[in-house]
Number of protein chains: 2
Amino acid sequence: MGRHREFDVEKALDAVLCVFWRKGYEGASYADLTEAAGVERPALYSAFGNKEAMFGRALDRYYERYLDYLPKALQLPTTREVATHILYNAIDLNTRYADHTGCLVINGVLAGSDEAEPVRQVLIDARAAAEAQLRERFERAKAEGDLPETARPDALAAFLMAVLHGMAVQAKAGFSREMLEAVAEQALSTWPAR
Amino acid sequence: MGRHREFDVEKALDAVLCVFWRKGYEGASYADLTEAAGVERPALYSAFGNKEAMFGRALDRYYERYLDYLPKALQLPTTREVATHILYNAIDLNTRYADHTGCLVINGVLAGSDEAEPVRQVLIDARAAAEAQLRERFERAKAEGDLPETARPDALAAFLMAVLHGMAVQAKAGFSREMLEAVAEQALSTWPAR
DNA sequence: ACTTTTTCATAATGACCGTTATTAAACCGC
DNA sequence: GCGGTTTAATAACGGTCATTATGAAAAAGT
């Protein structure tokens, strides 16, 4: 019993996700969040708890809604296809929305005051988890013969992630899709072959 | 005439530079800055003006004191030496101080509230200027025959910057020097030869 | 020694931060 | 319709933000 919720929690989550994407965790104030969600402050608190929990929900949604190309890419037959698929999907994601460029994770992982440290740690872990998935995929490729014996799966994964992070920074700095594609091509130019 | 300044402005600038490096522009509060500088608030205001101007002074100092390897690298004979020198000096800079890892520019360029937009724009411009210097150097190399005719100086410069930015993110996430060196090696393996 | 000028430390300013009491409104079972 | 319960909106909370007014302390000119 009791009164029904008058706003769509999923819609509100989509809205606050975009705010966090654009401004980062600390840069997003409740004034921004309530305006974007079209909902007053206490409603956000009752739906999500505090700001940190709300960011966690937004991060989960980011992964399942915008980073869904990652698990799909890992299933491609060759590591070159894996890397290519990830790079080009990341470029698209980083430049698709003019008002929130770059990557939600990278935009929030770098700077900020001490009180944002727990959130930063969550983002660091998320970044590391993605890299670990890549490394495991490349280790498998090495066992399957898709990568040469001299290849270092950990270094390849770290390199690919570095290029992705760098492109996220460049996208935030206003890079065009074409320029990012040139960066991706250069990164792929000497991908180790069997 | 008048009373003398009792603190060393240069020392104070070094101190606030480290705070900005670690926490970014918005993440650094005056409480942090005064504590690090060992100087009360009005002294910082009289010496540097407001927070934005103080950050600008810190950024200038960062370039002349920590990024001095960049102009030196541009004078090396081959583009491969240029890229190698920059990558390894960046790794050293990004991991040298455990309490402020990564890069001051990249740590401040990404997210933040709207009122930090002017500072963000300054950092974006600084990033673009460094990339332009690289591009011009690579164009020269192409004319000199150090790079093949098929090489794209703009793409090479953007790629090198992307790897640098990515390594700055990874350093902030706790990467070891050895892992970053593996990333740099992988990046250099794609470098075009004459 | 005294006035002038600059720097110093203390403490206050208004604005905004994330978070909640508080109260009115809307729904349920009865 | 009516009590019980949940949500909604208004407005307030203490704390911190960047910035500065205030007045004491210190140095230079006369």
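- The nearest whole Å value for the distance from the CD atom in B:E52 to the P atom in D:dC17 is 19 Å.
- Screening B:W21, B:Y62, B:Y25, B:F48 for a ring pair (Phe, Tyr, Trp, His ring centres under 6.0 Å) with B:F55, the sole residue that qualifies is B:Y25.
- Spacing between atom CZ of B:F48 and atom P of D:dT19 amounts to 14 Å, rounded to whole angstrom units.
- Taking atom NZ of A:K51 as the reference point, atom C1' of C:dT20 lies 17 Å away to the nearest angstrom.
- The separation between A:E115 atom CD and C:dC16 atom C1' is 13 Å, rounded to whole Å.
- For residues 105-114 of chain A, the side-chain hydrogen bond (donor to acceptor under 3.5 Å, both in side chains) pairs, not counting sequence neighbours, are A:E26-A:S113, A:D114-B:K23.
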(request) Could you give me the CA-CA distance, side-chain angles and deciding distance for B:R177 and B:E181, then say whether salt bridge (charged side-chain N to carboxylate O under 4.0 Å, His left out) is met? (result) CA-CA 6 Å; B:R177 181 180 302 244; B:E181 285 173 351; 5.3 Å; no
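- When ring centroids are compared, A:W191 and A:F138 come within the 6.0 Å threshold.
- The separation between A:D32 atom CG and C:dT19 atom P is 14 Å, rounded to whole Å.
- In this structure a side-chain-to-backbone donor-acceptor pair under 3.5 Å is missing from A:K172 to B:V109.
- Distance, A:L33 CG to C:dC16 C1': 14 Å, rounded to whole Å.
- Which of C:dC8, C:dT19, D:dC17 sits closest to the side chain of B:S29 comes down to D:dC17.
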(request) Please report the C-alpha distance between A:K72 and A:D68 in whole Å, then the side-chain angles of each, then the deciding distance to 0.1 Å, and finally whether the salt bridge (charged side-chain N to carboxylate O under 4.0 Å, His left out) criterion is met. (result) CA-CA 7 Å; A:K72 292 178 189 167; A:D68 56 327; 3.5 Å; yes
(request) Indicate for each nucleotide in nucleotides 23-30 of chain D, in 5' to 3' sequence, whether protein heavy atoms under 4.0 Å reach the base (B), only the sugar-phosphate (S), or nothing (-). (result) --BBBS--
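- In this view, B:H100 satisfies the side chain to side chain donor-acceptor pair (under 3.5 Å) rule with no residue, not counting sequence neighbours.
- Listed by first and then second residue, the salt bridge (Lys or Arg N to Asp or Glu O under 4.0 Å) pairs that reach into residues 120-131 of chain B are B:E117-B:R120, B:R127-B:E131, sequence neighbours excluded.
- One can place CG of A:L44 at 14 Å from P of C:dC17, the figure rounded to the nearest angstrom.
- Residue A:E81 places its CD atom among more than 12 non-hydrogen atoms of other residues, nucleotides or ligands, all under 6.0 Å distant.
- A:A47 comes within 4.0 angstrom of nothing in the nucleic acid, heavy atoms only.
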Can you tabulate the close N/O pairs, meaning under 3.5 Å, that link protein atoms to atoms of nucleotides 12-15 of chain C?
none

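- Of the possible donor and acceptor atoms, one in the side chain of A:R137 sits under 3.5 Å from a partner among the backbone N and O of A:L74.
- In this model, the phosphate group of D:dA18 is not approached by any side-chain N or O of B:Y45 to a distance below 4.0 Å at OP1 or OP2.
- Within residues 13-22 of chain A, no residue places a heavy atom under 4.0 Å from DNA chain D.
- Dashed line: the shortest gap from a side-chain N or O of B:Y30 to OP1 or OP2 of D:dT19 is under 4.0 Å.
- Within the 6.0 Å centre-distance limit, the rings of B:Y30 and B:Y45 are counted as a close aromatic pair.
- Remark: side-chain polar atoms of A:N89 are paired, donor with acceptor, to backbone N or O of A:H85 under 3.5 angstrom.
- Distance B:E26 CD to D:dC17 P: 12 Å, rounded to the nearest Å.
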